[in-house]
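These figures come from a predicted structure and were not determined experimentally. Each chain gets a letter, A, B and so on, in the order its sequence line appears, and its residues count up from 1.
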There are 2 protein chains.
Amino acid sequence: MAAEENVIIIGKKSIADYVLSAILIFNEGYDEVVIRGQGPNVSKAVDVYNALHNRLKDGIELVGVTIDSIERGRRLIPIIEIKVRRKII
Amino acid sequence: MAAEENVIIIGKKSIADYVLSAILIFNEGYDEVVIRGQGPNVSKAVDVYNALHNRLKDGIELVGVTIDSIERGRRLIPIIEIKVRRKII
């Protein structure tokens, strides 16, 4: 689905931590960051996007949102990937 | 954001219930259904989409996913809207 180093996998850390991770990735020179959440962290991935957007305002734009699922045993686990691009102003 | 009658707001009912709601909306003649979840139901909205897709396979296509937030008190609540279109085969 997405490359590695610019992908943030949402887990138990705070939303602010993931926002900081995204900013650090942009500062490393990446133009795009992917925020990936699965299961109950799908909601949190959207939270992280919203917090990042509030922080950087027009400095970023939403490239797109993809949703999918993975099978784990007999259950389907929902996945979201939110791709964000840094705008050159 | 979206019109009323073809919007499914995800709450406490089962995923299967919401899949049935979507099928009923298509059967009423709507070509598009919007699956809307907020807060912890963002993940469940993706679950409903995946279950609907598994049920109807190529009978539907994903039009797009939008994410947003609403302010409630001082908190930002995440929102997702998943728009699905019935394919005429």
Hey, could you give me the [atom1]/[atom2] distance between [X] and [Y], rounded to the nearest 0.5 Å?
X	Y	atom1	atom2	value
B:Arg75	A:Asp47	CZ	CG	6.0 Å
A:Ile77	B:Ser43	CD1	OG	10.5 Å
A:Asp68	B:Leu62	CG	CG	10.0 Å

- Item | Side chains of A:Ile67 and B:Ile82 in contact at under 4.5 Å (non-hydrogen atoms) | yes

- Query: Is there a chain of hydrophobic side chains (I, L, V, M, F, W, Y, each step under 4.5 Å between heavy atoms) that links B:Leu24 to B:Tyr18?
  - Reply: no

- Task: Determine, using the 4.5 Å side-chain heavy-atom cutoff (strictly less than), whether A:Val63 and A:Ile60 are members of one ILVMFWY cluster.
- Result: no

- Query: Are any side-chain N or O atoms of B:Asn50 and backbone N or O atoms of A:Leu76, one a donor and one an acceptor, separated by less than 3.5 Å?
  - Reply: no

